[in-house]
Protein chains: 2
Amino acid sequence: MTHRVFLVDDHAMVRAGVRAELGDAVDVVGEAADVPTAIEGIRATRPDVVLLDVHLPGGDGRAVLEALRGELPDVRWLALSVSDAAEDVIAVIRAGARGYVTKTISGPDLLDALRRVADGDVVFSPRLAGFVLDAFSAGPAAPAPAEEVTDPGLDLLSAREREVMQLLARGYTYREIGSRLFISVKTVESHASNVLRKLQLSNRNELTRWAATNRLL
Amino acid sequence: MTHRVFLVDDHAMVRAGVRAELGDAVDVVGEAADVPTAIEGIRATRPDVVLLDVHLPGGDGRAVLEALRGELPDVRWLALSVSDAAEDVIAVIRAGARGYVTKTISGPDLLDALRRVADGDVVFSPRLAGFVLDAFSAGPAAPAPAEEVTDPGLDLLSAREREVMQLLARGYTYREIGSRLFISVKTVESHASNVLRKLQLSNRNELTRWAATNRLL
DNA sequence: GAGACCATCAGGGAAACCCCCGAACCGACC
DNA sequence: GGTCGGTTCGGGGGTTTCCCTGATGGTCTC
(Lines give C-alpha, C1' and ligand atoms only; values in the text may rest on other atoms or scores of the structure.)
Protein backbone atom coordinates (compact mmCIF):
# COMPACT_ATOMS: atom_id res chain seq x y z
CA MET A 1 0.00 0.00 0.00
CA THR A 2 1.37 3.40 -0.96
CA HIS A 3 0.92 6.26 1.43
CA ARG A 4 -0.51 9.56 0.27
CA VAL A 5 2.01 12.36 0.83
CA PHE A 6 1.77 16.13 0.54
CA LEU A 7 4.93 18.19 0.04
CA VAL A 8 5.43 21.64 1.51
CA ASP A 9 8.70 23.33 0.63
CA ASP A 10 9.46 26.71 -0.90
CA HIS A 11 12.26 25.33 -3.03
CA ALA A 12 11.00 23.75 -6.22
CA MET A 13 14.25 21.85 -6.53
CA VAL A 14 13.74 20.25 -3.17
CA ARG A 15 10.22 19.18 -4.07
CA ALA A 16 11.47 17.78 -7.35
CA GLY A 17 14.25 15.99 -5.53
CA VAL A 18 11.87 14.44 -3.06
CA ARG A 19 9.56 13.33 -5.85
CA ALA A 20 12.45 11.82 -7.75
CA GLU A 21 13.87 10.06 -4.74
CA LEU A 22 10.59 8.67 -3.57
CA GLY A 23 9.52 7.58 -7.05
CA ASP A 24 6.45 5.39 -7.06
CA ALA A 25 6.94 4.21 -3.51
CA VAL A 26 4.50 6.82 -2.26
CA ASP A 27 1.67 8.75 -3.82
CA VAL A 28 2.47 12.46 -3.88
CA VAL A 29 -0.99 13.99 -3.90
CA GLY A 30 0.03 17.62 -3.88
CA GLU A 31 2.66 20.29 -3.35
CA ALA A 32 2.84 23.78 -1.95
CA ALA A 33 5.49 26.46 -1.66
CA ASP A 34 3.85 28.79 0.85
CA VAL A 35 1.57 28.71 3.87
CA PRO A 36 -1.84 29.55 2.32
CA THR A 37 -1.41 27.18 -0.62
CA ALA A 38 -0.31 24.45 1.75
CA ILE A 39 -3.32 24.86 4.02
CA GLU A 40 -5.70 24.84 1.08
CA GLY A 41 -4.04 21.88 -0.62
CA ILE A 42 -3.82 19.74 2.49
CA ARG A 43 -7.41 20.48 3.38
CA ALA A 44 -8.45 19.41 -0.12
CA THR A 45 -6.35 16.26 -0.44
CA ARG A 46 -6.28 14.98 3.14
CA PRO A 47 -2.98 13.12 2.81
CA ASP A 48 -1.67 10.48 5.18
CA VAL A 49 1.53 12.41 5.77
CA VAL A 50 2.63 15.98 5.17
CA LEU A 51 6.32 16.47 4.55
CA LEU A 52 6.74 19.96 5.91
CA ASP A 53 9.63 22.34 5.45
CA VAL A 54 10.19 24.26 8.66
CA HIS A 55 11.26 27.52 7.06
CA LEU A 56 8.80 29.05 4.62
CA PRO A 57 8.35 32.58 3.27
CA GLY A 58 5.38 34.23 4.91
CA GLY A 59 5.34 32.26 8.13
CA ASP A 60 6.93 29.17 9.54
CA GLY A 61 5.92 25.74 8.39
CA ARG A 62 4.68 25.43 11.92
CA ALA A 63 1.86 27.83 11.02
CA VAL A 64 0.51 25.26 8.58
CA LEU A 65 0.60 22.58 11.20
CA GLU A 66 -1.08 24.67 13.87
CA ALA A 67 -3.79 25.79 11.47
CA LEU A 68 -4.78 22.25 10.56
CA ARG A 69 -3.95 19.93 13.40
CA GLY A 70 -7.32 20.39 15.08
CA GLU A 71 -9.22 20.16 11.85
CA LEU A 72 -7.39 17.13 10.48
CA PRO A 73 -6.30 14.95 13.39
CA ASP A 74 -5.57 11.94 11.21
CA VAL A 75 -2.91 13.71 9.19
CA ARG A 76 0.63 12.93 10.30
CA TRP A 77 3.37 15.51 10.01
CA LEU A 78 7.03 14.96 9.26
CA ALA A 79 9.24 18.03 9.47
CA LEU A 80 11.97 18.41 6.87
CA SER A 81 14.58 21.06 7.41
CA VAL A 82 18.09 22.19 6.75
CA SER A 83 18.34 23.29 10.34
CA ASP A 84 19.40 21.06 13.18
CA ALA A 85 19.03 23.80 15.78
CA ALA A 86 17.44 22.52 18.94
CA GLU A 87 14.87 25.30 19.11
CA ASP A 88 13.60 24.60 15.61
CA VAL A 89 13.29 20.92 16.28
CA ILE A 90 11.59 21.24 19.63
CA ALA A 91 9.20 23.93 18.44
CA VAL A 92 7.86 21.89 15.56
CA ILE A 93 7.68 18.72 17.61
CA ARG A 94 5.73 20.53 20.30
CA ALA A 95 3.42 21.84 17.58
CA GLY A 96 2.54 18.26 16.76
CA ALA A 97 4.97 16.89 14.18
CA ARG A 98 5.65 13.18 14.50
CA GLY A 99 9.17 13.41 13.28
CA TYR A 100 11.96 15.64 12.11
CA VAL A 101 14.58 14.86 9.51
CA THR A 102 17.18 17.06 7.87
CA LYS A 103 17.66 17.49 4.16
CA THR A 104 20.84 15.52 4.28
CA ILE A 105 18.75 12.38 4.55
CA SER A 106 18.98 9.85 1.75
CA GLY A 107 16.03 8.90 -0.42
CA PRO A 108 15.54 5.43 1.05
CA ASP A 109 15.84 6.77 4.57
CA LEU A 110 13.29 9.48 3.84
CA LEU A 111 10.94 6.87 2.45
CA ASP A 112 11.39 4.78 5.53
CA ALA A 113 10.78 7.79 7.76
CA LEU A 114 7.60 8.68 5.88
CA ARG A 115 6.26 5.17 6.21
CA ARG A 116 7.06 5.03 9.88
CA VAL A 117 5.35 8.33 10.55
CA ALA A 118 2.34 7.22 8.53
CA ASP A 119 2.22 4.11 10.70
CA GLY A 120 2.20 6.17 13.85
CA ASP A 121 5.86 5.97 14.81
CA VAL A 122 7.98 8.91 15.80
CA VAL A 123 11.08 9.44 13.70
CA PHE A 124 14.11 11.62 14.18
CA SER A 125 17.42 12.02 12.52
CA PRO A 126 19.78 10.15 14.81
CA ARG A 127 21.72 13.23 15.79
CA LEU A 128 18.55 15.03 16.85
CA ALA A 129 17.09 12.34 19.06
CA GLY A 130 19.36 13.26 21.94
CA PHE A 131 18.24 16.76 22.70
CA VAL A 132 14.66 16.09 21.71
CA LEU A 133 14.51 13.53 24.48
CA ASP A 134 16.35 15.93 26.76
CA ALA A 135 13.79 18.61 26.07
CA PHE A 136 10.91 16.27 26.78
CA SER A 137 12.37 14.98 29.98
CA ALA A 138 13.26 18.49 31.13
CA GLY A 139 10.17 20.44 30.08
CA PRO A 140 6.94 18.54 30.83
CA ALA A 141 4.99 20.48 28.22
CA ALA A 142 4.74 17.69 25.67
CA PRO A 143 1.20 16.40 25.16
CA ALA A 144 1.39 13.17 23.21
CA PRO A 145 3.85 10.51 24.35
CA ALA A 146 5.63 8.68 21.60
CA GLU A 147 4.56 5.10 21.00
CA GLU A 148 7.92 4.18 19.65
CA VAL A 149 11.02 6.26 19.21
CA THR A 150 13.18 5.04 16.39
CA ASP A 151 16.82 5.86 15.92
CA PRO A 152 18.09 6.57 19.39
CA GLY A 153 21.28 7.61 17.64
CA LEU A 154 23.92 5.98 19.71
CA ASP A 155 22.12 2.66 19.56
CA LEU A 156 22.70 2.60 15.84
CA LEU A 157 26.40 2.23 16.45
CA SER A 158 28.19 -0.95 17.32
CA ALA A 159 30.37 -1.01 20.41
CA ARG A 160 33.50 -0.52 18.37
CA GLU A 161 31.97 2.29 16.40
CA ARG A 162 30.98 4.07 19.60
CA GLU A 163 34.53 3.76 20.78
CA VAL A 164 35.89 5.26 17.59
CA MET A 165 33.19 7.94 17.64
CA GLN A 166 34.28 9.15 21.07
CA LEU A 167 37.89 9.44 20.01
CA LEU A 168 36.91 11.13 16.76
CA ALA A 169 34.87 13.69 18.66
CA ARG A 170 37.79 14.30 20.98
CA GLY A 171 39.91 15.33 18.05
CA TYR A 172 42.27 12.40 17.68
CA THR A 173 43.54 11.70 14.18
CA TYR A 174 42.86 8.37 12.52
CA ARG A 175 46.45 7.42 13.12
CA GLU A 176 46.25 8.20 16.83
CA ILE A 177 43.00 6.31 17.19
CA GLY A 178 44.53 3.35 15.41
CA SER A 179 47.52 3.09 17.69
CA ARG A 180 45.35 3.64 20.74
CA LEU A 181 42.98 0.81 19.79
CA PHE A 182 45.72 -1.34 18.27
CA ILE A 183 44.11 -1.44 14.84
CA SER A 184 45.23 -0.11 11.49
CA VAL A 185 44.44 3.32 10.12
CA LYS A 186 42.29 1.77 7.42
CA THR A 187 40.09 0.07 9.98
CA VAL A 188 39.66 3.35 11.77
CA GLU A 189 38.65 4.88 8.46
CA SER A 190 36.02 2.18 8.03
CA HIS A 191 34.55 2.74 11.46
CA ALA A 192 34.65 6.51 11.06
CA SER A 193 32.88 6.27 7.75
CA ASN A 194 30.20 4.06 9.27
CA VAL A 195 29.74 6.40 12.20
CA LEU A 196 29.27 9.44 10.00
CA ARG A 197 26.86 7.62 7.73
CA LYS A 198 24.79 6.17 10.57
CA LEU A 199 24.53 9.51 12.35
CA GLN A 200 23.89 11.34 9.09
CA LEU A 201 26.82 13.65 9.61
CA SER A 202 29.10 14.76 6.84
CA ASN A 203 32.40 15.32 8.60
CA ARG A 204 34.10 15.04 11.93
CA ASN A 205 33.51 18.65 12.84
CA GLU A 206 29.78 18.09 12.82
CA LEU A 207 30.45 14.98 14.86
CA THR A 208 32.43 16.95 17.40
CA ARG A 209 29.72 19.55 17.65
CA TRP A 210 27.02 16.91 17.93
CA ALA A 211 28.89 15.04 20.64
CA ALA A 212 29.58 18.26 22.51
CA THR A 213 25.98 19.44 22.50
CA ASN A 214 24.86 15.98 23.61
CA ARG A 215 27.48 15.81 26.34
CA LEU A 216 29.04 12.64 25.00
CA LEU A 217 32.58 13.82 25.63
CA MET B 1 67.94 36.89 38.01
CA THR B 2 66.82 33.28 37.80
CA HIS B 3 63.70 32.30 39.65
CA ARG B 4 63.70 29.32 41.97
CA VAL B 5 61.16 26.74 40.79
CA PHE B 6 59.84 23.54 42.34
CA LEU B 7 58.31 20.86 40.11
CA VAL B 8 55.39 18.68 41.19
CA ASP B 9 54.31 16.07 38.66
CA ASP B 10 53.87 12.33 38.96
CA HIS B 11 55.35 11.68 35.53
CA ALA B 12 59.12 11.61 35.57
CA MET B 13 59.12 12.24 31.84
CA VAL B 14 57.18 15.44 32.28
CA ARG B 15 59.56 16.65 34.96
CA ALA B 16 62.52 15.81 32.76
CA GLY B 17 60.88 17.58 29.85
CA VAL B 18 60.25 20.70 31.87
CA ARG B 19 63.84 20.68 33.10
CA ALA B 20 65.15 20.25 29.59
CA GLU B 21 62.93 22.93 28.13
CA LEU B 22 63.65 25.46 30.83
CA GLY B 23 67.39 24.79 30.82
CA ASP B 24 69.37 27.29 32.84
CA ALA B 25 66.74 30.00 32.56
CA VAL B 26 65.37 29.06 35.97
CA ASP B 27 66.76 27.32 38.99
CA VAL B 28 64.90 24.07 39.63
CA VAL B 29 65.39 23.62 43.34
CA GLY B 30 63.42 20.42 43.77
CA GLU B 31 60.95 17.91 42.43
CA ALA B 32 58.19 15.73 43.77
CA ALA B 33 55.90 13.06 42.38
CA ASP B 34 53.31 12.87 45.15
CA VAL B 35 51.59 15.04 47.71
CA PRO B 36 53.65 14.33 50.90
CA THR B 37 56.99 14.64 49.12
CA ALA B 38 55.84 17.85 47.52
CA ILE B 39 54.77 19.41 50.80
CA GLU B 40 58.00 18.46 52.46
CA GLY B 41 60.18 19.61 49.57
CA ILE B 42 58.44 22.93 49.10
CA ARG B 43 58.58 23.62 52.82
CA ALA B 44 62.33 22.91 52.78
CA THR B 45 63.27 24.82 49.65
CA ARG B 46 60.82 27.74 49.70
CA PRO B 47 60.82 28.31 45.95
CA ASP B 48 59.56 31.42 44.18
CA VAL B 49 57.17 29.38 42.07
CA VAL B 50 55.74 25.88 42.28
CA LEU B 51 54.83 24.30 38.98
CA LEU B 52 52.02 22.05 40.10
CA ASP B 53 50.40 19.19 38.26
CA VAL B 54 46.70 19.15 39.00
CA HIS B 55 46.28 15.38 38.96
CA LEU B 56 48.45 13.43 41.35
CA PRO B 57 48.21 9.96 42.83
CA GLY B 58 47.06 10.16 46.45
CA GLY B 59 45.25 13.46 46.29
CA ASP B 60 44.90 16.36 43.91
CA GLY B 61 47.68 18.81 43.39
CA ARG B 62 45.27 21.20 45.02
CA ALA B 63 45.91 19.41 48.33
CA VAL B 64 49.52 20.57 48.19
CA LEU B 65 48.48 24.12 47.57
CA GLU B 66 45.89 24.20 50.33
CA ALA B 67 48.29 22.65 52.81
CA LEU B 68 50.94 25.31 52.27
CA ARG B 69 49.30 28.51 51.12
CA GLY B 70 48.79 29.81 54.64
CA GLU B 71 52.25 28.75 55.77
CA LEU B 72 54.10 30.08 52.75
CA PRO B 73 52.28 33.14 51.45
CA ASP B 74 55.17 34.28 49.27
CA VAL B 75 55.21 31.14 47.18
CA ARG B 76 53.45 31.55 43.83
CA TRP B 77 51.66 28.63 42.22
CA LEU B 78 51.32 27.82 38.55
CA ALA B 79 49.08 24.90 37.70
CA LEU B 80 50.19 22.59 34.91
CA SER B 81 47.74 20.06 33.59
CA VAL B 82 46.63 17.98 30.68
CA SER B 83 43.06 18.86 31.49
CA ASP B 84 41.31 21.90 30.17
CA ALA B 85 38.06 21.10 31.96
CA ALA B 86 36.47 24.16 33.49
CA GLU B 87 35.99 22.60 36.89
CA ASP B 88 39.65 21.66 37.19
CA VAL B 89 40.78 25.10 36.22
CA ILE B 90 38.40 26.98 38.46
CA ALA B 91 39.02 24.72 41.43
CA VAL B 92 42.75 25.22 41.42
CA ILE B 93 42.46 28.93 40.74
CA ARG B 94 40.09 29.31 43.64
CA ALA B 95 42.56 27.38 45.78
CA GLY B 96 45.09 30.09 45.11
CA ALA B 97 47.04 29.30 41.97
CA ARG B 98 48.18 32.35 40.03
CA GLY B 99 47.93 30.66 36.69
CA TYR B 100 47.02 27.57 34.77
CA VAL B 101 48.68 26.26 31.66
CA THR B 102 48.22 22.99 29.81
CA LYS B 103 50.99 20.60 28.91
CA THR B 104 50.70 21.52 25.28
CA ILE B 105 52.54 24.72 26.09
CA SER B 106 55.90 25.30 24.46
CA GLY B 107 59.11 25.63 26.43
CA PRO B 108 59.56 29.36 25.86
CA ASP B 109 55.92 30.02 26.68
CA LEU B 110 56.20 28.02 29.89
CA LEU B 111 59.28 29.97 30.85
CA ASP B 112 57.46 33.20 30.17
CA ALA B 113 54.49 32.02 32.23
CA LEU B 114 56.71 31.05 35.14
CA ARG B 115 58.42 34.43 35.12
CA ARG B 116 55.14 36.27 34.97
CA VAL B 117 53.72 34.31 37.87
CA ALA B 118 56.87 34.86 39.86
CA ASP B 119 56.49 38.59 39.20
CA GLY B 120 52.94 38.55 40.48
CA ASP B 121 51.03 38.36 37.23
CA VAL B 122 48.21 35.95 36.55
CA VAL B 123 48.69 33.70 33.56
CA PHE B 124 46.33 31.42 31.67
CA SER B 125 46.43 29.44 28.52
CA PRO B 126 44.49 31.59 26.10
CA ARG B 127 41.74 29.06 25.62
CA LEU B 128 41.13 28.82 29.36
CA ALA B 129 40.90 32.50 30.12
CA GLY B 130 37.35 32.75 28.85
CA PHE B 131 35.55 30.59 31.33
CA VAL B 132 37.86 31.51 34.17
CA LEU B 133 36.71 35.08 33.78
CA ASP B 134 33.15 33.86 33.40
CA ALA B 135 33.41 31.93 36.64
CA PHE B 136 34.80 34.92 38.49
CA SER B 137 32.18 37.27 37.21
CA ALA B 138 29.44 34.78 38.02
CA GLY B 139 30.58 33.45 41.38
CA PRO B 140 32.00 36.17 43.63
CA ALA B 141 34.00 33.73 45.74
CA ALA B 142 37.45 34.73 44.52
CA PRO B 143 39.57 36.37 47.20
CA ALA B 144 42.53 37.99 45.50
CA PRO B 145 41.88 40.12 42.46
CA ALA B 146 44.37 39.73 39.66
CA GLU B 147 46.74 42.62 39.14
CA GLU B 148 47.08 41.82 35.49
CA VAL B 149 45.41 39.13 33.46
CA THR B 150 47.46 38.11 30.49
CA ASP B 151 46.10 36.28 27.47
CA PRO B 152 42.40 36.94 27.68
CA GLY B 153 41.90 34.30 24.99
CA LEU B 154 39.34 35.76 22.68
CA ASP B 155 40.93 39.15 23.12
CA LEU B 156 44.02 37.77 21.51
CA LEU B 157 42.18 37.50 18.27
CA SER B 158 41.57 40.35 15.90
CA ALA B 159 38.01 41.08 14.78
CA ARG B 160 38.52 39.28 11.52
CA GLU B 161 40.11 36.31 13.24
CA ARG B 162 37.19 36.03 15.63
CA GLU B 163 34.88 36.01 12.65
CA VAL B 164 36.81 33.23 10.98
CA MET B 165 37.06 31.35 14.27
CA GLN B 166 33.30 31.23 14.65
CA LEU B 167 32.80 29.86 11.16
CA LEU B 168 35.61 27.36 11.65
CA ALA B 169 34.02 26.12 14.85
CA ARG B 170 30.70 25.77 13.07
CA GLY B 171 32.27 23.38 10.63
CA TYR B 172 32.44 25.43 7.47
CA THR B 173 35.25 24.57 5.09
CA TYR B 174 37.88 27.12 4.18
CA ARG B 175 36.26 27.49 0.79
CA GLU B 176 32.84 28.15 2.29
CA ILE B 177 34.24 30.67 4.76
CA GLY B 178 36.02 32.41 1.92
CA SER B 179 32.94 32.87 -0.23
CA ARG B 180 30.91 33.89 2.80
CA LEU B 181 33.39 36.60 3.78
CA PHE B 182 34.29 37.49 0.18
CA ILE B 183 37.94 36.67 0.63
CA SER B 184 40.17 34.03 -0.92
CA VAL B 185 40.80 30.57 0.49
CA LYS B 186 44.39 31.49 1.16
CA THR B 187 43.37 34.40 3.34
CA VAL B 188 41.09 32.11 5.29
CA GLU B 189 44.02 29.76 5.73
CA SER B 190 46.08 32.61 7.13
CA HIS B 191 43.41 33.61 9.62
CA ALA B 192 42.76 30.01 10.60
CA SER B 193 46.44 29.42 11.17
CA ASN B 194 46.66 32.53 13.33
CA VAL B 195 43.61 31.51 15.33
CA LEU B 196 44.95 28.06 16.07
CA ARG B 197 48.36 29.40 17.04
CA LYS B 198 47.00 32.14 19.27
CA LEU B 199 44.62 29.80 21.07
CA GLN B 200 47.27 27.09 21.32
CA LEU B 201 45.13 24.58 19.49
CA SER B 202 46.46 22.15 16.93
CA ASN B 203 43.52 21.61 14.63
CA ARG B 204 39.99 22.68 13.96
CA ASN B 205 38.48 19.81 15.88
CA GLU B 206 40.01 21.05 19.08
CA LEU B 207 38.74 24.47 18.12
CA THR B 208 35.22 23.13 17.67
CA ARG B 209 35.37 21.38 21.01
CA TRP B 210 36.78 24.46 22.70
CA ALA B 211 34.12 26.71 21.24
CA ALA B 212 31.40 24.24 22.13
CA THR B 213 32.42 23.90 25.76
CA ASN B 214 32.70 27.67 26.02
CA ARG B 215 29.33 28.21 24.36
CA LEU B 216 30.77 30.37 21.62
CA LEU B 217 28.63 28.77 18.96
C1' DG C 1 24.22 -24.04 5.24
C1' DA C 2 22.94 -19.37 3.66
C1' DG C 3 22.53 -14.60 4.94
C1' DA C 4 23.46 -10.72 7.77
C1' DC C 5 26.25 -8.16 10.55
C1' DC C 6 30.61 -7.00 12.47
C1' DA C 7 35.65 -6.21 12.62
C1' DT C 8 39.65 -6.26 10.27
C1' DC C 9 42.66 -4.44 6.39
C1' DA C 10 44.16 -2.83 1.54
C1' DG C 11 44.66 0.37 -2.64
C1' DG C 12 43.50 4.47 -4.65
C1' DG C 13 41.97 9.13 -5.13
C1' DA C 14 39.76 13.75 -4.46
C1' DA C 15 39.30 17.19 -1.33
C1' DA C 16 40.35 19.53 2.73
C1' DC C 17 43.55 20.91 6.17
C1' DC C 18 47.68 23.09 7.95
C1' DC C 19 52.06 24.95 7.56
C1' DC C 20 56.08 27.21 5.45
C1' DC C 21 57.72 31.13 2.87
C1' DG C 22 57.14 35.62 0.82
C1' DA C 23 54.70 39.87 -0.58
C1' DA C 24 51.71 43.93 -0.88
C1' DC C 25 48.74 47.49 1.12
C1' DC C 26 47.04 50.12 4.87
C1' DG C 27 46.56 52.50 9.28
C1' DA C 28 48.36 53.51 13.80
C1' DC C 29 51.94 54.74 16.70
C1' DC C 30 56.43 56.75 18.15
C1' DG D 1 60.07 58.50 8.52
C1' DG D 2 60.25 53.98 10.34
C1' DT D 3 58.12 50.29 12.67
C1' DC D 4 54.48 47.42 13.83
C1' DG D 5 50.24 44.82 13.25
C1' DG D 6 46.22 43.58 10.55
C1' DT D 7 44.36 42.04 6.19
C1' DT D 8 44.83 40.50 1.90
C1' DC D 9 46.90 37.03 -1.34
C1' DG D 10 50.16 33.61 -3.79
C1' DG D 11 53.22 29.11 -4.37
C1' DG D 12 54.37 24.89 -2.55
C1' DG D 13 54.06 20.75 0.05
C1' DG D 14 53.09 17.35 3.47
C1' DT D 15 49.29 15.44 6.20
C1' DT D 16 44.58 14.25 7.11
C1' DT D 17 39.99 13.30 5.94
C1' DC D 18 36.57 10.81 3.55
C1' DC D 19 34.84 7.80 0.19
C1' DC D 20 35.10 3.97 -3.09
C1' DT D 21 35.75 -0.97 -4.13
C1' DG D 22 37.02 -5.24 -2.49
C1' DA D 23 38.61 -8.88 0.57
C1' DT D 24 38.95 -12.01 4.79
C1' DG D 25 37.19 -14.20 8.85
C1' DG D 26 34.19 -14.45 12.84
C1' DT D 27 29.49 -14.77 14.99
C1' DC D 28 24.65 -15.14 15.04
C1' DT D 29 20.29 -16.34 13.24
C1' DC D 30 16.86 -18.48 10.38
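Labels below follow one simple rule: chain letters A, B, ... track the order of the sequence lines, proteins then strands, and each chain is numbered from 1.
A 4.5 Å side-chain heavy-atom check between N203(A) and T173(B) finds every atom pair outside the cut-off.
Neither side chain, Q166(B) nor R162(B), offers a donor N or O lying under 3.5 Å from an acceptor on the other.
Taking each heavy atom of Y174(B) and A192(B) in turn, the nearest pair found is OH-CB, 3.6 Å.
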Protein proximity profile, nucleotides 9-25 of chain D - base contact B, sugar-phosphate-only contact S, no contact -, cut-off 4.0 Å on heavy atoms: BBBB---SSBB------
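Taken from CG in D53(A) to CG in L7(A), the straight-line distance is 11.0 Å, to the nearest 0.5 Å. One finds the CZ atom of R175(B) at 11.0 Å from the OG atom of S184(B) (value rounded to the nearest 0.5 Å). Between the CZ atom in R204(A) and the CE atom in M165(A) there is a gap of 12.5 Å [rounded to 0.5 Å]. Between atom NE2 of residue H191(B) and atom CD1 of residue I177(B) there is a gap of 10.5 Å, rounded to the nearest 0.5 Å.
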Full working for side-chain contact (heavy atoms from CB on, under 4.5 Å) between D24(A) and T2(A): CA-CA 8 Å; D24(A) 296 332; T2(A) 62; over 6 Å; no
Worked verdict on I42(A) versus W77(A) for side-chain contact (heavy atoms from CB on, under 4.5 Å): CA-CA 11 Å; I42(A) 295 168; W77(A) 306 79; 4.0 Å; yes
What N/O pairs connect the protein and nucleotides 26-28 of chain D at under 3.5 Å? Give each pair on its own line.
none

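Shown are V8(A), V50(A), L114(A), L51(A); of these, the side chain to side chain contact (heavy atoms under 4.5 Å, CB included) with L80(A) is made only by L51(A).
Nucleotide dC18(C) holds its C1' atom 13 Å from the CD1 atom of I177(B), rounded to whole Å.
Taking only side-chain nitrogens and oxygens, H191(A) comes nearer than 4.0 Å to OP1 or OP2 of dT8(C).
The rotation axes computed at either terminus of the helix from dG1(C)-dC30(D) to dC30(C)-dG1(D) lie 40° apart, taking five pairs at each end and rounding to 10 degrees.
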